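Nothing here was measured: the structure is a model prediction, and the numbers come from that model. The figures here come from the full heavy-atom set of this structure, side chains too, leaving out hydrogens, waters and symmetry mates. Naming: A, B, ... by sequence-line order, numbering from 1 per chain.
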Protein chains: 4
Amino acid sequence: MKKKEALVRTAARLFAERGYEGTTTAGIAREAGVTEPLIYYHFTGKEDLFNYILERAAETYSERLETLKADTRTQFEKIAKLIRLHFHIVEEMPHETYLIASACPARLSDPDSVCTRTVTSQRAWLKDFLSRCLKAGIRSGEFKKVPLEATVIVLIALLNAVLRQRVLGLEDVAGLPAATVEFCRRSLLKNSA
Amino acid sequence: MKKKEALVRTAARLFAERGYEGTTTAGIAREAGVTEPLIYYHFTGKEDLFNYILERAAETYSERLETLKADTRTQFEKIAKLIRLHFHIVEEMPHETYLIASACPARLSDPDSVCTRTVTSQRAWLKDFLSRCLKAGIRSGEFKKVPLEATVIVLIALLNAVLRQRVLGLEDVAGLPAATVEFCRRSLLKNSA
Amino acid sequence: MKKKEALVRTAARLFAERGYEGTTTAGIAREAGVTEPLIYYHFTGKEDLFNYILERAAETYSERLETLKADTRTQFEKIAKLIRLHFHIVEEMPHETYLIASACPARLSDPDSVCTRTVTSQRAWLKDFLSRCLKAGIRSGEFKKVPLEATVIVLIALLNAVLRQRVLGLEDVAGLPAATVEFCRRSLLKNSA
Amino acid sequence: MKKKEALVRTAARLFAERGYEGTTTAGIAREAGVTEPLIYYHFTGKEDLFNYILERAAETYSERLETLKADTRTQFEKIAKLIRLHFHIVEEMPHETYLIASACPARLSDPDSVCTRTVTSQRAWLKDFLSRCLKAGIRSGEFKKVPLEATVIVLIALLNAVLRQRVLGLEDVAGLPAATVEFCRRSLLKNSA
DNA sequence: GATGAATGAGTGTTCATTCAT
DNA sequence: TATGAATGAACACTCATTCAT
C-alpha cells in the first residue's frame, strides 16, 4: 500500500521534471525504492500510471472549481476567487500542474488521450463559468461592455498562464495573486480608478 | 542543400507535435524523405539539430522585438504593438512556437540547455522593455498607478499565453488580438471607458 | 545463472578470435544462445563484460603465481616451475591468454584501462620474483654471473612468448616446454654440459 | 603524391595504436589532413590500405633478412646478427612492428589474409635459416647437442618477443640487445663460461 | 587529383514489458 | 505482494563506401 503511493508520488515528480517520454519505468522504480515489475502489478503499464496521476489531479481540480458555484455578492468576486484558486492549486500540487504543461502538449494531437479529454472538459467548464459571470455582470452594469467571447478566452489564457507559472518562469513576486486580480478588476469593472 | 532545409523543417514540425524525446531521428528522416545518417552529416546529433531550430527561431524573435524600440506616440501603443507582434509570430512560425511549449519544459531543469538560455534572455528583454514602458506611462499620467513589478509579470504571462495559444487550445476567436489589446488598455490607461 | 556463464564463455572466445572492436554484442548473444539485452542485464556494457573476463583470468593467473613462492631446493627449480606454469596456463585458459594478445595491444595506450593495469601489475610481480631468484642464484654460485636487470627482461619476454604461443604460431612441437626450460638452464647454470 | 604518403604514414600509426577495427577511415583522413574519399582514390578500401602497409613492411623486413645470408665466420655470429637485426627493425619501423602485434592476431584465423600469409612465410624463412645454423653448428662442434626442432621454436619465440617489445612493455634497459645475444650464446655455445 | 553530399548496413545500448517463482 | 531474469522492438549514432562534380 505504502509502496503504491511512493510509486505514484515519484512518478508524478519525474513526469513533471522530464516529460512523459523522458521518464523511464526503471527510473520511477529506482527513485521510488521499488522494483520495476511492481508498476505492472498496480497498473497496466506506464501510460496507465500516467493517466492515474492525471485523473487524480483533474478530480481535485474539479472539486475545487465546484466550490466556486456558491453565491457571492458580485460577479467579479467570483472571478477573483477563480484566479486566487489557481494560485492555490499550484502550491498544493506543484508536480501535477507542471506535469500538464510538460507532458501534455505532445499528447494533445491524440483526441482520445486522457490529456486531451481532461484539458477539453476543464476548458468547457471555465468557458461556461466565465461566460455566465461576464453576461450577468454586463447586464447588471457591474462590468464594462466588453466583447463576451473574446474576453472569456483572454481570461482563460490568463488562468492557464497562472497554472504554468513555474514553466513560464514567473518569479515569486510578492503580491502577484493580488496584482493579477487587480489587473482584471481594472479591465472589467465600471467604477475602478 | 535543399535536403538540409527539408530536414530542419520536418524536424521542427515533429519536435513540436511529439516533444523532443517523443521524436525519433528515424521519424524525422523518413518524413523529410532523406536517410537517417544525413542528420549526422549536417548536425552532430539530435540535440544539435534541436538547438539549431531553437536558435534560429530565437534569432527571428529577437529581430522582431528589436523593431519595437522605434518611437511610438504613446507608451501603450508600444505595448499594443508588442502584443500584436506575438500574435503575428505564432502565424509566422507555428511549429517553432509550439515546440517551445512542447519540448522545452522538460529541459528547463538544465541551466545550460539552449532552451533555458533562450527563455531566460527573452524574459529579461521583455521585463526590461515593459518596465520602461510602465514607468514612463505612469510618470506621464498616461497609465493608472499600477504596481510596477507585479504588473510586468502579469503582462509577460499574457504574452506567453498568446505564444502558447495552440497548446492552450485558444480557438480562433475572431478579434482575439484586438480583444487582448483592449483588455490591457482598459486595465492600464487612465482615460478608458 | 547458466545463461550468464554461457555469455561470459562465448564472449571470451569471440574477443580472443576477433579482438575487442571486431566482436559485436549481437555476435556474442547469438553464439551464446541468448538475446542481446541480457548482456546489459548482467553487465553495464560491452567494456564491462570484457573487463570482467580479463579480471577473472588475471585472478586465476595471480593465484597460480602465488603457489610458486613455496620453497624449492634450487633457484633454477623456481624458474623452471615458472616456465612450466605458463605452458599450463595456456592449456587451461586458451581463450583468455589469446585475448590478452589479441585485444589488449590496442588498449595499452590508455593507462586507466584494465588491460594496462593488469599487464603492469603482472610484469611487476614477475620482475620482482625473477630478480630475487637470479640474485640469490648468483650469490650462491648456482648461476653464472649474468647481468641482472637485462636478463630478467629477457626471461619475461620468453614467458610472454610462451603465453602468446598460439599468436606466435608456435606449433605443438613435442617437448617444447622441456626444451624451453633446458634452453634457460644451459644459459643460467654454472655446471651445465 | 605527398598526400598519399601522409595517408599511409598516418594509417600505419593509427592501425598500430588502435588495431584494424578500432581505426576508422574518417579518423585516418582527419589526422592525415585529407578528405575521406581520397582513400578510395588511392586504394580500393580500408583493407587494401592496411594490406599495402603490411606488405611494404614485410618487404623491408625480407630485404633485411636476405642480407644475413652472406658468409660469417661462425654459426652463432649469424644468429647474433639475426637477433640484433630485430632490435634494429623495431627502431626503424616502430608503427609497422607494433601493428603486426596489434592488428594481426584477430586476423590470423583467416588463412587467406595478408597477415596470415606474411607471418607464415616469415616463420618459414626463420625456421629454415635457424635450422641450418643449428645443424651446422652442432655438426662442427661449435654448439652443444641441443634438440634441433624445439630449440628453433624457442629462438623464433624470442625473436618475436623482441619485435613485440613495446607490446610486452619491455623497458629500454641499457644493453638489452647485448644481453639477449649473450643469453643465447651461453645456452648454445660449447665453450661459454 | 580531390571533394561535399549522401547512404545501406550495422553498432552498442535502452525501452516498456513479461514470466516463472 | 513482490521480484530476478529475460526479451522484442526500437533507439541514437557510426561505419565503410559511393557518386556527382
Side-chain angles (χ1 to χ4, degrees), chain A residues 1-4 7 20-29 32-50, chain B residues 1-4 6-7 20-30 32-50, chain C residues 1-4 6-7 20-30 32-50, chain D residues 1-4 7 20-29 32-50:
Chain A
M1 275 304 177
K2 256 184 352 198
K3 289 198 177 181
K4 183 178 177 181
L7 213 43
Y20 179 80
E21 317 273 359
T23 305
T24 68
T25 50
I28 297 169
V34 303
T35 57
E36 238 183 317
L38 194 63
I39 297 174
Y40 296 86
Y41 181 78
H42 289 299
F43 304 92
T44 68
K46 186 186 175 186
E47 184 102 35
D48 187 42
L49 169 57
F50 178 77
Chain B
M1 276 301 178
K2 257 188 340 200
K3 290 200 179 185
K4 183 178 177 183
L7 214 41
Y20 179 80
E21 318 273 0
T23 304
T24 69
T25 50
I28 296 170
R30 191 179 346 101
V34 302
T35 57
E36 231 183 321
L38 194 63
I39 296 173
Y40 298 88
Y41 180 74
H42 288 298
F43 303 93
T44 66
K46 187 187 173 184
E47 184 104 31
D48 186 44
L49 169 55
F50 179 77
Chain C
M1 276 298 180
K2 256 184 350 196
K3 289 201 179 182
K4 183 179 177 181
L7 214 41
Y20 179 81
E21 319 272 1
T23 305
T24 69
T25 50
I28 296 170
R30 192 181 342 104
V34 302
T35 56
E36 235 183 320
L38 194 63
I39 296 174
Y40 298 87
Y41 180 73
H42 288 298
F43 304 93
T44 64
K46 187 187 174 185
E47 184 104 32
D48 186 44
L49 169 55
F50 178 77
Chain D
M1 273 303 176
K2 257 185 347 199
K3 290 198 178 184
K4 183 178 178 181
L7 213 43
Y20 179 80
E21 317 274 0
T23 304
T24 68
T25 51
I28 296 170
V34 303
T35 56
E36 239 184 317
L38 194 64
I39 296 174
Y40 296 86
Y41 180 79
H42 290 298
F43 304 93
T44 68
K46 185 186 175 187
E47 185 102 34
D48 187 44
L49 169 56
F50 178 78

Would you mind reading off the distance between [X] atom [atom1] and [N] atom [atom2], rounded to a whole angstrom?
{"X": "D/Leu49", "N": "F/dC15", "atom1": "CG", "atom2": "C1'", "answer": "16 Å"}
{"X": "A/Ile28", "N": "E/dT17", "atom1": "CD1", "atom2": "P", "answer": "10 Å"}
{"X": "A/Glu47", "N": "E/dC15", "atom1": "CD", "atom2": "P", "answer": "17 Å"}
{"X": "B/Arg30", "N": "F/dA10", "atom1": "CZ", "atom2": "P", "answer": "10 Å"}
{"X": "D/Asp48", "N": "F/dA16", "atom1": "CG", "atom2": "P", "answer": "15 Å"}

Exercise. Can you tell which of E/dT17, F/dA12, E/dG12 lies closest to the side chain of A/Lys46?
Worked result: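 Out of E/dT17, F/dA12, E/dG12, the nucleotide with an atom closest to A/Lys46's side chain is E/dT17.
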
For this session: Check every atom of E/dT17, F/dC15, F/dG8 against the side chain of C/Pro37 and return the nucleotide holding the closest atom.
Result: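 So the nucleotide nearest the side chain must be F/dG8.
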
Exercise. Which residue, D/Glu36 or B/Thr44, contacts DNA chain F at a nucleotide closer to its 5' end, judged by nearest heavy atom?
Worked result: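 Between the two, 5'-proximity favours B/Thr44.
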
For this session: On DNA chain F, check which nucleotide each of A/Val34 and C/Gly33 is closest to and give me the residue with the more 5' one.
Result: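 Here A/Val34 is the residue nearer the 5' end.
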
Contact under 4.0 Å: [X] side-chain N or O vs [N] OP1/OP2:
{"X": "C/Tyr41", "N": "F/dA5", "value": "yes"}
{"X": "A/Lys4", "N": "F/dT1", "value": "no"}
{"X": "B/Tyr40", "N": "F/dC13", "value": "yes"}
{"X": "B/Thr35", "N": "E/dA6", "value": "no"}
{"X": "C/His42", "N": "F/dA6", "value": "yes"}
{"X": "D/Lys3", "N": "E/dT3", "value": "yes"}

Exercise. So what does the secondary structure string of DNA chain E come out as, 5' to 3', with Watson-Crick or wobble pairs under 3.5 angstrom, [ ] for crossing and | for pairs with another strand?
Worked result: .||||||||||||||||||||

Exercise. Is a side-chain N or O of C/Tyr20 found less than 3.5 angstrom from the main chain of D/Glu21, in a donor-acceptor match?
Worked result: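 No, because the side chain of C/Tyr20 does not come within donor-acceptor range (under 3.5 Å) of the backbone of D/Glu21.
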
Exercise. When all nucleic acid strands are considered with a 4.0 Å heavy-atom cut-off, which category describes B/Thr24: base, sugar-phosphate, or nothing?
Worked result: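 The answer is sugar-phosphate, as B/Thr24 gets under 4.0 Å only of primed atoms, P, OP1 or OP2.
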
For this session: Taking atom P in both E/dG1 and F/dT21, compute the distance separating them and give it to the nearest angstrom.
Result: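 Per the computed distance, 23 Å lies between those P atoms.
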
